[in-house]
Every structure is written in structure tokens, then in C-alpha cells.
Undergrad: 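Starting off with a structure, shown below.
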Amino acid sequence: MLQLPFIRENKEAVLTGLHKRHFANAEATIDQVLTLDQQRRDTQRELDDTLAQSNAKAGQIGALMKAGDKAAADAAKAETAELKVRSKDLGETLRQIEIDLQAVLVTIPNIPHSSVPEGRSADDNEVVLENGEKPSLYEGAQPHWELIKKYDIIDFELGVKISGAGFPVYKGKGARIQRALINFFLDEALKAGYLEVQPPIVVNEDSGFGTGQLPDKEGQMYYVTEDKLYLIPTAEVPITNLYRDVILPEGQLPIKNVGYTPCFRREAGSWGAHVRGLNRLHQFDKVEIVRIEKPEKSYAALEEMSLHVQGLLQKLELPYRVLRLCGGDMGFTSALTYDMEVWSAAQQRWLEVSSVSNFETYQANRLKLRSKLEGKMQLMHTLNGSALALPRILASILENNQTPEGVRIPNVLVPYCGFEMID
RNA sequence: AGAGAGAUGGCAGAGUGGUCGAUUGCGUCGGUCUUGAAAACCGAAGACUGUAACAGGUCCGGGGGUUCGAAUCCCUCUCUCUCUGCCA
């Protein structure tokens, strides 16, 4: 959520940012916010004055009672009636204005960073760099959904039986390579100075709101009605929310956390072409890195996270590219996002495996995540990134490393897997 | 799941209607002392809102009520703890 004073003082910059996102009705929305804000402050002021008068009267009455002057006290009491009615009315008005204001504010996305390219869709994203060599496959090479059948390492039909489509069952070397990847990713993050955490994988509504999944992406999360809990779509939610309503001592910054969790996504309406096999699932595994930074350091941190993710891909010997998402393709809460995509040799296309974002104060404002720096209370910057999401990594390892004899495991994973080939 | 107890400032823990934003202890920060530290002593310190700055207003789990006045009384919700039950 954007900060009200920021909108008030930077109206033009906010509008420019919203236009970059192709946010509809930017002018009308911002005008509405500013009008409501003015109303809010006027009403607040009037209410405060009324309450101040009431407080003064109550004090007087107390003093009169103490002095034993009952008649004067009763007279003063009579005078408070009108104040009482007025403060009640004003209070209700104020509350309604605040509700209305909040309702508009939550519909406004974050303002893109100046480096975010113009554009409407994924086609307009900027390719920052490309790294690694795309392998040329032998005659008869297959996409990963054929390979997993051939080697019997993932069973989708079995998953359908016990849960439904998009819930695969990993078996044998398929299960073991999952475990290997998770451990590899966690170990690499630990080496980079992250603290490992294991958060809950269901969260309450406050947490969903804190990181911006609610109310924006309500329909994308599985919901446990009985207990009013959401299954997490990403570890970003529980890990970032560890710091909700927290005032961090300056010495604790920056916070660097890493966590492995399963992730659950309903993916309502997004099924269709390009979703075969591991390309899109309802449940998948991911190792997530989360950082909380002082504002002036957040962009350096973002670059560092990008390099960390790239390092993982290099160690896995996967050809990848880095995209800077354009205004129209960025997530609701993000100010700047890098997507990392790996090359899927058999599908002949790029697959997103990581998304690294700086949210600046957008999440922190909802979370009330602050720190007192140089005597001033201020919102911190939150960042996160996948490091990494497993399914598409596995897909590209299978496809890129396939040989007529089997699939070669990347060297760095062999100690984790305990085998060199899937055959 | 059943019964009971509770929710107060970073933590612990007082406060049952009128200068209570709140006693006290620990912790934190500053100072005195010390070569330095510890101890001791002295002092400082909540958050939000609001203002040009003051002032003012709000906050004792959330919401509602009683009252001129609520941390304190009433209702309600949520959560936590203890015991019993169940269980990886």
C-alpha cells in the first residue's frame, strides 16, 4: 500500500507510475484518494476539538465533585450532552471515511522503479542478459513429460487419483532429486548468509493482507473455510509476515531469511496451452529468500539476490536469461522485478524459475514493519526471490541433459542425489 | 473436544471509576566514577494521528455498551495458558 503523505506530496510521480502500469482510471482514483484524505483530516480535526472540550469538562466536573459542589457539577454535566452527540457523529463519519479511503488505497498498485521499462505485456519485458549455451539435442530427444514416464520418476495419474490434476507424485529418483535440489538451494543460501526458517504453510487473513495477496489475489489461494486459513502460494507470505507489526532495532538489519516450503496455487483460469507436465502445478516446492533492508540499501540487495539466483543456475549448468519486467507485467506489489528463465531445450522455450522483487515500502506499510533510523521511525524495504522453484528446474534438467543412455545429473547435485544418471 | 484462568509499554508485573500514557523490577540508552569495564549512583526513553511548529486527539487483545469521566464496570469476539481427553 502506498503511503498517504507520499501520494499527497508526489501526485504527479504517482500518476506517472500508474500510467506505466497501465492502471485504469489513475487520475480519478488518485483524486478520490486526495479528496477522502482531506475529508478525513478535516473531520479528524473537528472530532479532536470536540473531544478536547469534553475532556476539559470532565476534568472540571471531577474537580467540582471533589470540592463537594454537587450543584455546579450537575450543571456542568448538562453541558456535556451536546458534545457527546457531536463526537459520536463525527466519530462515525470519520470511520466511514477511513473505510472508504482504505478501500481505494488497496486497489492501487506499487509505483514502478524508474528503471522499469515501458510496456503492456510479457512481450515488452527487457532482456537484461543471457547466459550459458543452449544444448542441441540428439535425434529423438523428448520433452520432460515423456521422460518422466520413460524413467518412471513422476506419476501425474496417481496424483489425480489422490488429489487431482496438478498434484504430481514423485517417485524413486524423482523424489530424491527433489530432495537434493531443496538441500542444494538451502545450503547455497546459508553460504550466502541467510538464516534458515521453517514457517507454517497455512496463514491467516492478516498475513495474506500484509504481503498483498489479499485482497488482490483472493481467488488464487486455497482456503480452509473451517479455520479461515489460506494455503500459502509462496513462502514469501509467512516469512515476510514474521516481521509484521515489528519495529526492528537498527542493529538487526538487514534481515536475510531463507525457507523451503511447498507452495499451493489454484491457478484458476490459467490452464491451457504450455501447461503440460511440470510447467504449471497446483502444488510445488520452492526455496525462497526474503530480505528486509534499509531503504538506501534495497536496490543493492536486489542486485545481490539476482546474482545469487544466477549463481545457482550457473552451478546447475542451465542456460538462462534475466528479464526486467515491464510496467504492464509486474506484480501488484512490486517496484522492480527480475524474472529468471531457464531454457527448456525440448520445448524450445524459456521457463520462469525465479522472480526477484523489491517491494520498497509497499508491503512494509501494510505490515507496519519499521525501524528507527537516526531517530526517525521509518518503513523498511522488503524483498524476496525464488531461489529456486523446483518443477521447471527439474523439467529443464531432464530435457537439457538427456542422452540416449539417460539423464545426466549436474555435477553439483551428484553428492546431494547419490546418483549420476536417471536411467 | 470439555473445564477453568488470563490478555497492560522490549520483557516481567502492579493498577477495580476522576491529573493513569499508566507504580515497580529487569533490559536499553546517556552521564558520573574508573586506565578500561563491572558495580554503584544520577538521568533519558512508547506508538499512531495531527500542526509550519506548538497545541490537541487516539492507543492498556478486537468490537460494542454504561458514565460527565473507563486500563478499571457490563456484553461480545478472538487469542493464550493450565488441567482433562486425544494424538505425530
Side-chain angles (χ1 to χ4, degrees), chain A residues 1-10 33-102 105 198-210 214 223-230 238 241-253 255 261-262 292 361 363-380:
Chain A
M1 207 157 60
L2 297 177
Q3 295 173 80
L4 218 28
F6 179 82
I7 299 178
R8 213 185 288 149
E9 289 154 26
N10 303 277
V33 166
L34 294 177
T35 304
L36 283 167
D37 180 44
Q38 190 59 50
Q39 283 174 18
R40 185 192 117 254
R41 284 189 293 162
D42 292 346
T43 310
Q44 173 89 255
R45 162 144 250 180
E46 213 181 326
L47 173 63
D48 287 355
D49 287 346
T50 310
L51 288 172
Q53 288 177 47
S54 291
N55 289 341
K57 275 271 186 284
Q60 285 169 22
I61 292 167
L64 288 170
M65 298 285 262
K66 224 174 221 171
D69 192 346
K70 191 150 186 318
D74 284 342
K77 275 189 197 180
E79 292 171 35
T80 62
E82 192 199 336
L83 290 173
K84 216 177 160 185
V85 172
R86 208 161 110 215
S87 62
K88 194 171 182 186
D89 285 351
L90 286 167
E92 270 160 24
T93 308
L94 181 64
R95 203 170 55 154
Q96 190 54 52
I97 293 171
E98 280 173 343
I99 289 169
D100 294 346
L101 185 55
Q102 179 78 359
L105 278 176
Q198 254 187 41
I201 59 174
V202 293
V203 296
N204 57 28
E205 190 180 344
D206 284 346
S207 298
F209 177 78
L214 296 174
Y223 184 53
V224 184
T225 52
E226 185 76 9
D227 297 294
K228 300 194 168 101
L229 293 169
Y230 294 87
N241 271 280
L242 296 175
Y243 305 95
R244 172 154 49 84
D245 292 320
V246 167
I247 300 172
L248 284 168
E250 184 171 2
Q252 282 182 23
L253 290 163
I255 300 278
T261 67
I292 296 163
T361 60
Q363 290 182 329
N365 192 30
R366 293 179 165 213
L367 295 161
K368 307 226 182 308
L369 164 51
R370 295 161 293 169
S371 187
K372 201 175 223 167
L373 304 180
E374 286 151 12
K376 242 180 70 188
M377 193 64 77
Q378 42 185 304
L379 295 171
M380 293 299 97

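Every value quoted in this text rests on a predicted model; they were computed, and no experiment measured them. The sequence lines fix the lettering, A, B, ..., with proteins before strands; numbering per chain opens at 1.
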Undergrad: Can you measure A:L90 atom CG to B:G57 atom P for me and round it to whole angstrom units?
TA: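 So the CG-P distance, A:L90 to B:G57, works out to 15 Å.
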
Undergrad: In whole angstrom, what separates A:Q44's CD from B:A55's P?
TA: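 Roughly 16 Å, once rounded to whole Å.
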
Undergrad: Are A:L34 and A:R8 packed together at the side-chain level, in the sense that at least one heavy-atom pair is separated by less than 4.5 angstrom?
TA: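 Side-chain contact under 4.5 Å: yes.
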
Undergrad: How many whole angstroms separate atom CZ of A:R8 from atom P of B:G50?
TA: 6 Å

Undergrad: Is any side-chain nitrogen or oxygen of A:R95 closer than 4.0 Å to OP1 or OP2 of B:G64?
TA: yes

Undergrad: Classify the side chain of A:D48 and the base of B:G57 as holding, or not holding, a donor-acceptor pair under 3.5 Å.
TA: no

Undergrad: Look only at the side chain of A:S371 and the backbone of A:L248, and say whether a donor-acceptor pair between them is shorter than 3.5 Å.
TA: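 Answer holds: yes.
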
Undergrad: Paired with B:G9: which nucleotide, if any, by Watson-Crick or G-U wobble criteria at under 3.5 Å for both distances?
TA: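 Matched B:G9 with nothing under the 3.5 Å cut-off.
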
Undergrad: On RNA chain B, nearest-nucleotide positions of A:R40 versus A:K84: which is more 5'?
TA: A:R40

Undergrad: Go through B:C48, B:G50, B:C68 for me and flag the one nearest to the A:I61 side chain.
TA: B:C68

Undergrad: Rounding to the closest angstrom, what is the interatomic distance between B:C60 and B:C54 at atom P?
TA: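 That atom pair is separated by 25 Å.
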
Undergrad: Tell me the interatomic distance from A:E98, atom CD, to B:C59, atom C1', rounded to whole angstroms.
TA: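 Spelled out: CD on A:E98 to C1' on B:C59 is 13 Å.
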
Undergrad: Take atom CG of A:L51 and atom P of B:U58, then tell me their distance rounded to the nearest Å.
TA: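 Computing the A:L51:CG to B:U58:P distance gives 5 Å.
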
Undergrad: Would you mind reading off the distance between A:L94 atom CG and B:C59 atom C1', rounded to a whole angstrom?
TA: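 That distance rounds to 15 Å.
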
Undergrad: Look at the side chain of A:N10 and the backbone N and O of A:F6, then say whether any donor-acceptor pair between them is shorter than 3.5 Å.
TA: yes

Undergrad: Taking B:G46 as the reference, what is the distance to B:C11 when you measure between their C1' atoms (whole Å, please)?
TA: 14 Å

Undergrad: Can a side chain N or O of A:R41 be found less than 4.0 Å away from OP1 or OP2 on B:U51?
TA: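 Yes, such a contact exists.
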
Undergrad: Verify whether one side chain among A:Q38 and A:D42 offers a donor that lies under 3.5 Å from an acceptor in the other.
TA: yes

Undergrad: Between A:D227 (CG) and B:C79 (P), how many Å, whole number?
TA: 9 Å

Undergrad: Hey, which sits more toward the 5' end of RNA chain B by its nearest nucleotide, A:K372 or A:K88?
TA: A:K372

